[in-house]
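Every heavy atom of this structure was used, including side-chain atoms; hydrogens, water molecules and symmetry mates were not. All of these numbers come straight from a predicted model, not from anything done at the bench.
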Amino acid sequence: VKLYTMRVHPLQPHLLVLGTNMGLVMVSLEGPHTPAAATIADASGCAHSAVGVYQNILYALSPTTDRESRSPRVSSRRGSKLADLPGKGDGRVSIAASTSGRYLAVIWPEATEFAIYQTDCWEQVHSGNATQIVWSATMDVFAADVHATTAPSPKSTKRRSGLLSSAKTVEKEKAKAEAAAAEAAKLNTSVAVYEVSNGEVREVNEKVGTDEGVMFTNLHGGFLLGVSTSGKGASKTEQSNEAHDELSFYSWDGQTQVGGKIPDPLALQWDNSSEYCAMAYSHGLSIYRSRPDFREIAHLGFPNAEAMCWAKQQLFVATPSSVHIVYVAKGAVLATFQLASHETTPCALVRFPYADMPSEADAKRGEAPPISYRPPGPVALLG
């Protein structure tokens with residue numbers, strides 16, 4: 001194969017188009033998965049502000065700053081070793097710390113197993129079968145998508161005699177059987193809620209939601225417990241008859257549903273006061289208020305938001321082509337401004353100092369900040 005030309009997608013640099021003597025080829029470059037890391041709250045008394053996992057070892061992470069560079073960068077290095085983790089599944093692991101910082105959940109999705117560690121002594125206090133763990137924003141309570149310890153095994157496929165028999169046919173039948181077994185295993189999954197106190201774990205609710213024939217697809221932590229489901233109760237859009245995932249919120253005892261079912265978002269972000277919740281969709285962004293009742297207060301035309309970050313009652317939103325700020329107060333959206341766009345003149349560094357952001361009074365007067373350059377590729381918003 002001869003390569004004549006190559007072009008990079010301006011907004012998604014991991015996508016390449018290659019011009020060859022065999023035709024056009026589109027290539028997606030995906031590097032190694034990002035190592036797991038989590039921040040630990042200072043109120044826990046833990047001596048480390050962040051932890052990470054590298055080669056089945058839990059380390060403390062220490063921030064380092066390159067001050068000699070023209071654009072100062074903050075990175076991290078591995079510090080003291082905290083605990084040895086067992087290697088499970090394909091080795092991939094994710095971690096999530098409780099809001100108080102007293103406990104850390106370690107999840108092995110491929111092996112459908114998890115463990116809870118106490119951060120003051122780094123001893124394991126609980127373990128179970130799950131692929132997701134989410135924490136409450138107000139207490140040491142977590143939810144897990146508990147998997148049955150024994151999943152139904154796929155039925156063996158027998159090679160049929162005759163002309164129709166072939167290796168491809170057998171492989172297709174095997175793949176179908178494995179897919180069916182995986183779906184059956186998902187139907188055997190339930191969402192359970194646990195409370196951790198003084199190093200002991202107590203089950204609060206063994207089954208959140210009671211709909212039969214519904215498959216749990218995702219969990220969301222925060223002020224309320226969010227449970228995404230797919231099944232016979234899934235909603236249908238006006239343009240399509242296909243079923244879509246739905247999101248339901250529950251109190252953290254798992255007994256009371258808060259509000260009705262809404263479409264499952266691409267991403268969800270609570271503000272620090274737990275009064276507002278932003279949900280990103282492919283067609284836009286919705287903002288909900290949790291008090292006095294859970295309801296939508298605004299829907300904004302920011303499609304495919306890839307990052308969101310709250311600062312007090314200001315929401316920063318990054319889309320594939322722009323960055324916006326949304327002012328929220330007294331249960332309503334006051335104003336929205338564009339902070340950056342890929343159509344402006346490129347610059348070396350993009351910064352949004354909080355002191356330079358328009359105040360609430362400026363937002364009411366419509367005084368917008370100058371628009372900066374939004375570089376191509378994924379953007380992370382940290383605040």
Side-chain angles (χ1 to χ4, degrees), residues 36 38-46 48 51 53 58 82-86 88 93-109 111-151 185-212 214-229 247-259 268 270 274 290 294:
T39 57
I40 302 293
D42 295 333
S44 66
C46 182
H48 312 291
V51 295
V53 176
L58 188 65
L82 302 176
D84 289 308
L85 302 178
K88 298 178 182 291
V93 62
S94 61
I95 57 179
S98 65
T99 304
S100 67
R102 298 188 185 96
Y103 304 98
L104 181 76
V106 181
I107 309 100
W108 295 269
T112 65
E113 295 184 28
F114 76 94
I116 304 296
Y117 288 82
Q118 191 167 329
T119 58
D120 58 356
C121 58
W122 295 108
E123 292 184 357
Q124 181 177 317
V125 298
H126 186 70
S127 63
N129 296 92
T131 60
Q132 295 184 75
I133 298 290
V134 295
W135 291 93
S136 165
T138 58
M139 47 192 169
D140 291 329
V141 174
F142 70 90
D145 59 336
V146 179
H147 288 241
T149 54
T150 57
K186 289 181 180 179
L187 289 174
N188 289 334
T189 302
S190 60
V191 177
V193 178
Y194 302 87
E195 180 182 16
V196 192
S197 178
N198 297 323
E200 296 183 356
V201 178
R202 177 181 68 89
E203 187 177 69
V204 177
N205 193 324
E206 65 177 356
K207 187 176 182 181
V208 178
T210 58
D211 293 342
E212 297 295 334
V214 170
M215 182 169 55
F216 297 99
T217 58
N218 201 9
L219 295 177
H220 302 276
F223 178 65
L224 297 171
L225 168 59
V227 179
S228 302
T229 57
L247 173 64
S248 300
F249 284 104
Y250 295 87
S251 58
W252 275 98
D253 58 9
Q255 297 180 359
T256 306
Q257 183 172 347
V258 180
L268 181 154
W270 287 91
S274 298
S290 62
F294 192 84

Item to check | Stepwise side-chain contact (heavy atoms from CB on, under 4.5 Å) check, Val208 with Phe216 | outcome: CA-CA 10 Å; Val208 178; Phe216 297 99; 6.0 Å; no
Gap separating the [atom1] atom of [X] from the [atom2] atom of [Y], nearest 0.5 angstrom:
{"X": "Glu200", "Y": "Tyr194", "atom1": "CD", "atom2": "OH", "answer": "15.5 Å"}
{"X": "Tyr117", "Y": "Ser127", "atom1": "OH", "atom2": "OG", "answer": "9.0 Å"}
{"X": "Ile95", "Y": "Ile107", "atom1": "CD1", "atom2": "CD1", "answer": "8.5 Å"}
{"X": "Glu195", "Y": "Asn205", "atom1": "CD", "atom2": "CG", "answer": "13.0 Å"}

Listed by chain and number, what are the side chain to side chain donor-acceptor pair (under 3.5 Å) partners of [X], not counting sequence neighbours?
{"X": "Asp84", "answer": "Lys81"}
{"X": "Gln257", "answer": "none"}
{"X": "Thr39", "answer": "none"}
{"X": "Ser248", "answer": "none"}

Next on the checklist: Looking only at the side chains, is there a donor atom on one of Thr189 and Asp145 sitting less than 3.5 Å from an acceptor on the other?
Outcome noted: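 No pair is found: no donor N or O on one side chain lies under 3.5 Å from an acceptor on the other.
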Is there side-chain contact between [X] and [Y], with at least one heavy-atom pair below 4.5 Å?
{"X": "Ile116", "Y": "Leu104", "result": "no"}
{"X": "Val191", "Y": "Leu219", "result": "yes"}
{"X": "Trp108", "Y": "Leu85", "result": "yes"}

Item to check | Side chain Ser98, main chain Tyr103, donor-acceptor under 3.5 Å | outcome: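 Pair found, side chain donor or acceptor close to backbone of Tyr103.
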Checklist entry - Short question: side chain of Thr119, backbone of Gly101 - any donor-acceptor pair under 3.5 Å? => result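 Between the backbone of Gly101 and the side chain of Thr119 there is a qualifying donor-acceptor contact (under 3.5 Å).
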Restricting to non-hydrogen atoms, name the atom on [X] and the atom on [Y] that form the minimum distance, rounded to 0.1 Å.
{"X": "Gly221", "Y": "Val134", "result": "N-CB, 3.6 Å"}
{"X": "Ala36", "Y": "Ser94", "result": "CB-CA, 4.0 Å"}
{"X": "Ser274", "Y": "Ala137", "result": "OG-CB, 4.3 Å"}
{"X": "Ala130", "Y": "Ala144", "result": "CB-CB, 3.9 Å"}

Please list, chain by chain and in numerical order, all residues satisfying ring-ring contact (aromatic ring centres under 6.0 Å, His included) with [X], sequence neighbours excluded.
{"X": "His220", "answer": "none"}
{"X": "Phe294", "answer": "Phe249, Tyr288"}
{"X": "Trp135", "answer": "Phe142"}

What residues form a side chain to side chain contact (heavy atoms under 4.5 Å, CB included) with [X], not counting sequence neighbours?
{"X": "Glu123", "result": "Cys121"}
{"X": "Glu206", "result": "Glu203"}
{"X": "Ser251", "result": "Asp253, Thr256"}
{"X": "Ser136", "result": "Thr138, Met139, Val141, Trp252"}

Checklist entry - Do any pairs count as a salt bridge (Lys or Arg N to Asp or Glu O under 4.0 Å) and have a residue in residues 126-138, sequence neighbours left out, and if so which ones? => result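 Of all non-adjacent pairs touching residues 126-138, none passes salt bridge (Lys or Arg N to Asp or Glu O under 4.0 Å).
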Next on the checklist: The test is side-chain contact (heavy atoms from CB on, under 4.5 Å); show your working for Val258 and Phe223 and say whether it passes.
Outcome noted: CA-CA 11 Å; Val258 180; Phe223 178 65; over 6 Å; no
Next on the checklist: I'd like to know whether Arg102 forms a side-chain contact (heavy atoms from CB on, under 4.5 Å) with Asp140, so could you lay out the CA-CA distance, the side-chain angles of the two residues, the decisive distance to 0.1 Å, and finally the verdict.
Outcome noted: CA-CA 8 Å; Arg102 298 188 185 96; Asp140 291 329; 3.1 Å; yes
